[in-house]
Amino acid sequence: YYGDAQFKIAIEEARKALEADPTYAPAHHVLALVHVYLKEFSTAQMHFDQAVRLAPRDSAINNAYGLFLCTQNRGKEGIERLMIAARDPLYPNPSYPYTNAGMCALWMNDPKTAEENLRRAVIADAQNTQAVYLLGMVSYQQNKLDEAKRLIDEVISRGEPNAESLWLALRIERKLGNREAESGYACQLRRRFKESAEYKS
């Protein structure tokens, strides 16, 4: 129900689960996710607290809670939680928490930590386009323009680019002095994402 955005039913079902077993951590996890979506952050925090108290090593819970903490300007705590998830040998895709840790470090203006975690994300899953894009962003910010261009070209070659990836590609080509390529990305932004903040920028 949460996955289908039927939040009212998701809350009802999770509450029923907790009536049956008040120590069932996944029910608190679902309630936390629903309340994050509803922007009811204090209620989300309460359910995350319960979930991690009941299942402190659960990777899915730690990944979600870590990202939540990052969005609440508690990046250091968030990255600690994300690392618990990423380092769990049984977690099916450690690339996700590494990507979230990289994004969190970017929000904290810590490019070194961001780069370390994003590289780990790409090593864990080379098909993780979000991690490749963010790594390209870090490279651009550090003026490693050739690497930034290689990474963003890889992102764009994999499928339909979005406004963010086209805007990054445009800025890289501008810094490299490739006016024709810059103009091409500007045309794509205008044609496909005319109402986007990136095109307006």
Original post:
Is the closest side-chain heavy-atom distance between L189 and L170 below 4.5 Å?
Top reply: yes
**OP:** Would you confirm whether S183, through its side chain, and R179, through its main-chain N or O, come within 3.5 Å as a donor-acceptor pair?
**Re:** no
Subject >> Where A32 and A44 come nearest, the two heavy atoms and their spacing >> reply: O-CB, 3.6 Å
Original post:
When you measure from the side chain of D88 to the backbone N and O of L90, does any donor-acceptor pair fall under 3.5 Å?
Top reply: yes
Original post:
Would one find more than 12 heavy atoms of other residues, nucleotides or ligands at under 6.0 Å from atom CG of D21?
Top reply: yes
Original post:
Atom CD of E182 and atom NZ of K175: how far apart are they, to the nearest 0.5 Å?
Top reply: 12.5 Å
Subject >> Single hit among R81, R87, R57 for side-chain hydrogen bond (donor to acceptor under 3.5 Å, both in side chains) with N62 >> reply: R81
**OP:** Specify the closest pair of heavy atoms between I172 and L145, including all atoms of both residues, with the distance to one decimal.
**Re:** CG2-O, 4.0 Å
Subject >> Steps toward salt bridge (Lys or Arg N to Asp or Glu O under 4.0 Å) verdict (E154, R158) >> reply: CA-CA 6 Å; E154 187 178 328; R158 287 184 185 179; 2.5 Å; yes
Original post:
Do R53 and Q50 have a side chain donor and acceptor closer than 3.5 Å?
Top reply: yes
Original post:
Counting only N and O atoms by type, is there a donor-acceptor contact under 3.5 Å from the side chain of N63 to the main-chain atoms of S59?
Top reply: no
Original post:
At their closest point, which heavy atom of T113 faces which heavy atom of D110, and how far apart are they?
Top reply: OG1-OD2, 2.7 Å
Original post:
Quick one: does S165's side chain have a donor or acceptor within less than 3.5 Å of a partner on P161's backbone?
Top reply: no
**OP:** Compute the centroid of each ring, for Y65 and then for F48, and state whether the two points are separated by less than 6.0 Å.
**Re:** yes
Original post:
Are the side chain of N117 and the backbone N or O of N100 linked by a donor-acceptor pair below 3.5 Å?
Top reply: no
**OP:** Give a yes or no on whether the backbone of F68 and the side-chain of T71 come within a donor-acceptor separation of less than 3.5 Å.
**Re:** yes
